[in-house]
Amino acid sequence: MNIIYKFEDYLKKEIKRIYPDIRDDDFFLNLELSPDTEEGDFGFGCFGIAKLLKKNPQDITENLSESISFPPYIEKVIKRGPYLNFIFDKRFLIEETVSGILKEGSLYGESKWGEGKRILMEYSSPNTNKPQHLGHIRNNLLGMTLSNLLEKAGCKVVKINLINDRGIHICKSMLAYKLWGNSKTPENTGKKGDNFVGDYYVMFEKKAKEDEKLIVQVQEMLKKWEEGDKETIELWKRMNSWVYEGFNETYKRLGAEFDKIYYESETYKLGKEIVLKGLEDSMCYKNDKGEIVIDLSEKGLGEKVLLRGDGTSIYITQDIGNAKLRFDEYDINSSIYIVASEQNYHFQVLFEVLRRFGFEWADQCYHLSYGMVYLPEGKMKSREGTVVDADNLMDELKFMAEAEVKKRARDIEGEQLENISEIIGLSALKFYVLKIHPSKDINFNPVESLSFEGDTGPYIQYTHARVSSLLRKSGMYGDDLAIFTKLGNKEEINIVKNLLNFPKILISSAENYNPSRLANYLLELAKRYNKFYHDHSVLNSGDEELTSGRVALSKSVGIVIKEGLRILGIVAPERM
RNA sequence: GCCCCAGUAGCUCAGUAGGAUAGAGCGACGGUUUCCUAAACCGUAGGUCACAGGUUCAAGUCCUGUCUGGGGUACCA
């Protein structure tokens, strides 16, 4: 527990002593970085307390500043209107923080915030009729990062992928292949499996515009599939296996991992059973077309088909089944769906249906809706082939990064060059996506969006590489020798205060399901360190004790950056 | 039509339970390298936080309306 938490606890006790009417849960006390360094390191506003006591905040500030007996590490208390700011004993602040981080290492920032929270996180959830594009990248990155954040905050997380491997859309690529495939395969064409299949999906959509009969044929094919027709099933298995091979490559490169993979083909029947049971219990009804429909107009959601007239299931049918399966198979108290905002309505309907059907866990389901990714020419559409392909994008970024590495580090070559270029390219992509608030739409312009300078992943990586370089050269200055007495200039203090904030940032990022907070925090930390690095010499400071302290400070910055980037799924290189 | 979401600097975005003087990066202009990684650092210009009301001691943040953009409203997922 770092000094900020300790001091917060101390303040709470003191405030309760002074105002005995205030109870534990009555108020928050959140120490924040003071805006003006001259007037405090950390501080808080007395609005909450004032409201509770129905008094003027300024009077509270006044009273508290006089009545609290402050611990010795508080050098000065500064009142500013309704705010109470504190200036810490610098030496104490620095030593506590830096030595604490050096001791904890990558464990720094772990918390018990999430104790008892058992979360199932569904993300990725691709369809097996097309390769993944930039929208899927955003989904995968959010899922991975949020899982890391929640685990860091003390939650237990199960990561699952629900693969949409069946349905009318899958039959479209199957039919196209059956009609025009000419026994081509990914192997004999040298194409990545998911791309191979995706081409047939696009081909179908094109030809279906000219030939209406194709739609009928697809419907027949789906029916056959659900009846278990041998030939259809075989084609389906064959084509899906191609897609999975392709997906696995993409996942591996992106760093996406799952504890469990569900297939819609394995769960849609359960969904059907539940719907039919609902029909028996009069939760829904059969209309004149034979469709099973639920009326949610009371909730403003209209009427919704749950099962087709021909008995085949649709999207929501399988989602109903899978929702139940998760709670049956895992001991969880929260089920999170990371799915794009275009499906907001679908999830409103789904959760409402689950409630109506009487599942007590329905309220533990949560749709984490994230914004769409747009290209300059509009929305990406797989069926029309107007997308930014995930693999191509990663290749492109790697290629760009390679050029940058070559420019700067001539001695990096061969396999090492490959690795570093990949790491830097991915970092640019991941950071670009994650620094944007999840719920916001992204306007993606490949030329303008991705860069290696400024507020980017590589900028933070670069900061880490600088620290690593210093540490390699620091020689005799080990942790044990660290002497903090000479530290205390403005740049050093700024870094330390930032480092102190890391645990809070992690919790608020996790709590709000918002990795962009962490991303922006890391930028801030890197900026402060680069400013310090520019203004002050670490190894050539001319004073052994000073150098010792600065090396230790640098090391702690390296630890926090590395751990922060890890949570974002980004590797922090030692060199670049 | 109805429902949902968004609108902050030329562009891309932050802005943490309503709280301290609205912040970055890119782009523009100007500067910094015999010295630990210049993917860096510093400075200048650029804002009626879409608009109009309202609530509040306090509004970019909450409420109402308008405008603009996006998504949804399918036997697609």
Side-chain angles (χ1 to χ4, degrees), chain A residues 28 30 32 34-36 39-40 43 45 47-48 50 56-57 80-83 85 125 127 129 164 167-170 172 219 222 264 289-291 300-302 305 307-310 312-316 318-319 339-346 348 369 371-372 374 378-379 382-383 401 404-405 407-409 424 432 435-437 439-445 448-449 451-456 458-463 465-470 472-474 504-505 508-509 511-512 514 516-517 519-521 523-524 526-527 530-531 533-541 547 550 554 575-576:
Chain A
F28 276 147
N30 190 21
E32 293 171 307
S34 301
D36 188 344
E39 293 188 48
F47 308 104
N56 185 327
R80 192 168 147 194
Y83 288 91
N85 287 300
S125 314
N127 298 332
N129 60 344
N164 214 298
I168 195 98
H169 54 304
I170 308 297
K172 287 177 180 175
Q219 281 163 349
L222 179 64
E264 193 190 317
K289 281 179 262 175
E291 299 157 357
L301 297 172
V305 174
L307 207 57
R308 287 195 185 99
D310 64 5
T312 59
S313 49
I314 51 176
Y315 183 43
I316 196 159
Q318 70 85 20
D319 260 0
V339 182
S341 61
E342 58 186 350
Q343 294 191 37
N344 287 352
Y345 170 70
H346 169 77
Q348 277 184 358
S369 163
M372 308 290 289
Y374 296 103
K379 192 179 172 182
S382 297
R383 65 180 73 177
E404 297 293 320
V405 177
K407 249 196 261 173
R408 298 160 226 258
I424 294 172
Y432 170 74
K435 84 167 198 274
I436 298 175
H437 192 287
S439 69
K440 273 199 150 185
D441 290 345
I442 293 181
N443 294 304
F444 183 74
N445 182 327
E448 289 168 13
S449 302
S451 139
F452 300 105
E453 286 167 21
D455 282 359
T456 64
Y459 172 80
I460 297 169
Q461 289 180 312
Y462 176 72
T463 312
R466 274 185 152 176
V467 169
S468 301
S469 173
L470 277 183
R472 280 196 297 274
K473 293 177 181 166
S474 64
K504 283 197 173 190
I505 294 292
S508 83
S509 301
E511 202 170 15
N512 295 292
N514 182 6
S516 81
R517 279 200 194 164
N520 285 294
Y521 164 83
L523 275 177
E524 180 77 28
K527 259 178 225 170
N530 281 322
K531 165 83 171 143
Y533 185 92
H534 178 269
D535 291 356
H536 307 283
S537 182
V538 175
L539 298 177
N540 309 315
S541 70
T547 289
R550 285 182 176 167
S554 300
R575 301 191 50 193
M576 63 187 275

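All values derive from a computational prediction rather than experimental measurement. Numbers restart at 1 for each chain; the letters A, B, ... are given by sequence-line order, proteins then strands.
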A/Asn344: what forms a side chain to side chain contact (heavy atoms under 4.5 Å, CB included) with it, not counting sequence neighbours? A/Ser341, A/His367, A/Ser369

Can you sort out the partners of A/Asp310 under side chain to side chain contact (heavy atoms under 4.5 Å, CB included), two or more places apart, ordered by chain and number?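 So A/Asp310 forms a side chain to side chain contact (heavy atoms under 4.5 Å, CB included) with A/Lys223, A/Arg308, A/Thr312.
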
Nearest-Å distance for atom pair CG/P, residues A/Asn445 and B/G10: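 Whole-Å distance recorded here is 18 Å.
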
Could you tell me how far apart A/Gln461 (CD) and B/A39 (C1') are, to the nearest whole angstrom?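 Spelled out: CD on A/Gln461 to C1' on B/A39 is 10 Å.
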
Contacts of type ring-ring contact (aromatic ring centres under 6.0 Å, His included), residue A/Phe452, not counting sequence neighbours: none

Sequence neighbours excluded, the answer for ring-ring contact (aromatic ring centres under 6.0 Å, His included) partners of A/Tyr345 is none

Taking Watson-Crick and G-U wobble contacts under 3.5 angstrom, with | marking pairs to another strand and [ ] crossing pairs, the secondary structure of RNA chain B is written (((((((..((((.....[...)))).(((((.......))))).....(((((..]....))))))))))))....

Just checking, any donor-acceptor pair under 3.5 angstrom between side chains of A/Asn85 and A/Glu39?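 Not at all, the side chains of A/Asn85 and A/Glu39 share no donor-acceptor pair under 3.5 Å.
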
Summarise how protein sits on [range] as a single string, 5' to 3': B when a protein heavy atom is under 4.0 Å from the base, S for sugar-phosphate-only contact, - for no contact.
range	value
nucleotides 22-37 of chain B	--SS---------SBB
nucleotides 58-63 of chain B	------
nucleotides 67-77 of chain B	---SSSS-BBB

Using atom P in both nucleotides, what's the gap between B/A14 and B/A9 to the nearest angstrom? 13 Å

Using the P atom as the point on both nucleotides, what is the distance between B/U48 and B/A52, in whole Å?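 Roughly 12 Å separates the two P atoms.
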
When you compare the protein's N or O atoms with those of nucleotides 14-16 of chain B, which come within less than 3.5 Å of each other, and at what distance?
unit_1	atom_1	unit_2	atom_2	d
B/A14	OP1	A/His437	N	2.4
B/A14	OP2	A/Lys440	NZ	3.0
B/U16	O2'	A/Arg517	NH1	2.4
B/U16	O2'	A/Arg517	NH2	3.1

Any residue meeting side chain to side chain donor-acceptor pair (under 3.5 Å) with [X], in chain and number order, not counting sequence neighbours:
X	result
A/Glu524	A/Arg528
A/Asn127	none
A/Ser516	A/Asn514

Between A/Ser34 and A/Lys531, who's closer to the 5' end of RNA chain B by nearest nucleotide?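 Whichever sits nearer the 5' end wins; that is A/Ser34.
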
For A/Arg408 and B/A39, is the shortest distance between a side-chain N/O and OP1 or OP2 below 4.0 Å?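 Answer is yes, contact under 4.0 Å.
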
